[in-house]
Protein chains: 2
Amino acid sequence: MFATLEIRNGELMKKLELFEEKQQELASLAKALSHPARIAILQFLAATPTCISGDISDYLPLSRTTVSQHLKELKSIGLIQGDVEGLKVKYCLNKAGIEKLKNGFGELFEEITPIENKTC
Amino acid sequence: MFATLEIRNGELMKKLELFEEKQQELASLAKALSHPARIAILQFLAATPTCISGDISDYLPLSRTTVSQHLKELKSIGLIQGDVEGLKVKYCLNKAGIEKLKNGFGELFEEITPIENKTC
DNA sequence: TTCTAATGTCGCAAACATACGTCATTAATT
DNA sequence: AATTAATGACGTATGTTTGCGACATTAGAA
């Protein structure tokens, strides 16, 4: 994961040869949120009192096909689940996935807090 | 922004004709984080005790050119700033932008909390 | 003023994302 | 068994992102 160590500012700094697992996972999660349709879908699912079946595209400015693809993406990264019930599919937020999202970004956000009295 | 109101589950539901401003802004911020290099750059900037000048690509598995583009992207969305100082450019996290990021996602994350005893 | 070093910009190729019409699958209904 | 309705999968056109070498620009040094 790391390569040669070099010296800079008197400290050891690592050169990444590849991005770290965590960075890649966060990037994937961010990518899942990087389209307004997918944000809207998550909000929509959160706002409905029951898991939803039926055409979510009725509520979005996109075709059913396109919404279906966004649903698939959100599902594949684990942010939502789609439980088949007969002919219909009930979509819901996936609690575990949402947790992972919040924790992952929570950690990142703590990490990237700007230092108060930085000497620039 | 909204179109016809329809009835579903006894509640009024809106159909978006366009995604909302906020959804689009969040999506843009998410997109900025949707590449491991950009996550790594933010972490790197946060971790250095001073604003950094010099070749950040020394610490990443990418060419200087490519890193430069990622820096430009992060700058254009306001997550970092690059202050020219003579021949060098000192890169730093942009406090206001990072704040906006945290607040935006903080709100979204609250909004998309799965309901505990949802009838699925 | 010429040279060098730090950095940004351009332009291309390859990969990936988006949107959507059409088709396939499957569950219930008749 | 045939029909209908809900949904996902496929194919494809178009646009966007990524990565990078080569070139441009600029500040300071010689």
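Chain letters run A, B, ... following the sequence lines, proteins first, then strands; residues in each count from 1.
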Rounded to the nearest 0.5 Å, what's the gap from [atom1] on [X] to [atom2] on [Y]? Could you check?
X        : Y        : atom1 : atom2 : result
A:Ile41  : A:Leu71  : CD1   : CG    : 4.5 Å
B:Leu93  : B:Ile80  : CG    : CD1   : 8.0 Å
B:Leu26  : A:Arg38  : CG    : CZ    : 13.5 Å
B:Ile112 : A:Leu101 : CD1   : CG    : 5.5 Å
A:Leu87  : A:Glu85  : CG    : CD    : 11.0 Å

Would you indicate, yes or no, if [N] has its OP1 or OP2 atom less than 4.0 angstrom from a side-chain nitrogen or oxygen of [X]?
X       : N      : value
B:His70 : D:dG19 : yes
A:His35 : C:dA19 : yes
B:Tyr91 : C:dA6  : no
B:Thr65 : D:dG21 : no
B:Ser63 : D:dG19 : no
B:Ser68 : C:dG8  : yes

Rounded to whole angstrom units, what separation is found between the [atom1] atom of [X] and the [atom2] atom of [N]?
X       : N      : atom1 : atom2 : result
B:Ile56 : D:dG19 : CD1   : C1'   : 17 Å
B:Asp83 : C:dG8  : CG    : C1'   : 16 Å
A:Leu74 : C:dA17 : CG    : C1'   : 14 Å
A:Lys88 : D:dG8  : NZ    : P     : 13 Å
B:Leu33 : D:dT17 : CG    : C1'   : 16 Å
B:Leu60 : D:dC20 : CG    : P     : 11 Å
B:Gln24 : C:dT18 : CD    : P     : 14 Å
B:Leu62 : D:dT17 : CG    : P     : 17 Å

Quick one: which protein N/O atoms are closer than 3.5 Å to N/O atoms of nucleotides 24-30 of chain D? Pair and distance per line, please.
none

Side-chain donor-acceptor pairs of residues 27-36 of chain A under 3.5 Å, sequence neighbours excluded:
unit_1  : atom_1 : unit_2  : atom_2 : d
A:Ser28 : OG     : A:Gln24 : O      : 3.0
A:Ser34 : OG     : A:Lys31 : O      : 2.7
A:His35 : ND1    : A:Ala37 : N      : 3.0

Check: Is a side-chain N or O of A:Lys102 found less than 3.5 angstrom from the main chain of B:Phe109, in a donor-acceptor match?
Finding: yes
Check: Any idea which of C:dC10, D:dG8, C:dT18 is nearest the B:Gln69 side chain?
Finding: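 Looking only at side-chain atoms, B:Gln69 lies closest to C:dC10.
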Next item on the list: Look at the side chain of A:Val89 and decide which nucleotide, out of D:dG8, C:dC20, D:dC20, has an atom nearest to it.
Entry: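 For the A:Val89 side chain, the nearest candidate turns out to be D:dG8.
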Next item on the list: Find which nucleotide of DNA chain C each of B:Lys72 and A:Val84 is nearest to by heavy atoms, and output the residue with the more 5' nucleotide.
Entry: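 By nearest-heavy-atom nucleotide position, the 5'-most residue is B:Lys72.
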Check: Under 4.0 angstrom, heavy atoms only, what part of the nucleic acid is B:Lys31 near: base, sugar-phosphate, or nothing?
Finding: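 Result for B:Lys31 = sugar-phosphate.
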Check: If you look at every heavy atom in A:Thr113 and A:Glu110, which pair is closest and at what distance?
Finding: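 Residues A:Thr113 and A:Glu110, closest heavy atoms: OG1-O, 3.1 Å.
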